[in-house]
Amino acid sequence: ALDASSDGKYIGLGVMDEKVLVKDTASYTTVFHDTLPLGAIDLKMSGNGTKMAVTGFDFFIRIFDLEMMKQVNSFEQAY
């Protein structure tokens, strides 16, 4: 899974080895990382680049705040 903030400041990456990463596009350094059980299916950054939603194979949607660089909410997906 891959998405970029609309201002081009961040790239979000969700990978199958149970990680989600946010990288600074100027330096390509990791500015945030977290673990997702079973890995990420998809991710999307908000239009203003302050939030990121990540869906995982564990049937949860997680919301990350990219200003605070932490998870702020999660929801179980309906089947």
Side-chain angles (χ1 to χ4, degrees):
L2 172 71
D3 196 20
S5 60
S6 59
D7 64 3
K9 185 176 180 181
Y10 298 120
I11 295 174
L13 304 161
V15 292
M16 293 299 296
D17 66 352
E18 301 186 352
K19 292 180 187 151
V20 62
L21 307 168
V22 176
K23 298 223 175 236
D24 179 280
T25 56
S27 63
Y28 203 65
T29 57
T30 300
V31 295
F32 175 77
H33 65 88
D34 204 354
T35 302
L36 291 178
L38 307 176
I41 297 172
D42 199 10
L43 65 84
K44 182 69 179 164
M45 291 193 176
S46 63
N48 63 6
T50 61
K51 302 280 189 298
M52 180 173 68
V54 181
T55 58
F57 285 101
D58 62 352
F59 301 107
F60 277 85
I61 300 168
R62 290 171 177 80
I63 309 299
F64 295 92
D65 186 306
L66 299 180
E67 293 176 321
M68 295 188 293
M69 294 297 177
K70 68 177 190 173
Q71 181 178 323
V72 292
N73 214 334
S74 67
F75 308 91
E76 189 167 8
Q77 299 177 52
Y79 297 81

Non-hydrogen atoms of [X] and [Y] that approach each other most closely:
{"X": "I41", "Y": "G56", "value": "CD1-O, 3.5 Å"}
{"X": "G49", "Y": "S5", "value": "CA-CB, 4.0 Å"}
{"X": "G14", "Y": "L43", "value": "N-CD2, 3.4 Å"}
{"X": "V54", "Y": "A40", "value": "CG1-CB, 3.9 Å"}
{"X": "M52", "Y": "G12", "value": "SD-CA, 4.2 Å"}

Is a donor on one side and an acceptor on the other found under 3.5 Å between the side chain of [X] and the backbone of [Y]?
{"X": "E18", "Y": "L38", "result": "yes"}
{"X": "D3", "Y": "M45", "result": "yes"}
{"X": "S46", "Y": "K51", "result": "yes"}

Exercise. Between F64 and V22, is a side chain to side chain contact (heavy atoms under 4.5 Å, CB included) present by the stated rule, with each step listed?
Worked result: CA-CA 10 Å; F64 295 92; V22 176; over 6 Å; no
Problem set entry | Any pair counted as side chain to side chain donor-acceptor pair (under 3.5 Å), so long as it reaches residues 27-39, sequence neighbours left out |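 For residues 27-39: K23-T30, D24-S27, S27-T29.
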So, taking the atom named [atom1] in [X] and the one named [atom2] in [Y], what distance separates them when rounded to the nearest 0.5 Å?
{"X": "D17", "Y": "L36", "atom1": "CG", "atom2": "CG", "answer": "10.0 Å"}
{"X": "F32", "Y": "Q71", "atom1": "CZ", "atom2": "CD", "answer": "7.5 Å"}
{"X": "I63", "Y": "K70", "atom1": "CD1", "atom2": "NZ", "answer": "14.5 Å"}
{"X": "T55", "Y": "R62", "atom1": "OG1", "atom2": "CZ", "answer": "10.0 Å"}

Exercise. Tell me, do L66 and T50 make a side-chain contact under 4.5 Å, heavy atoms counted?
Worked result: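 Not in contact.
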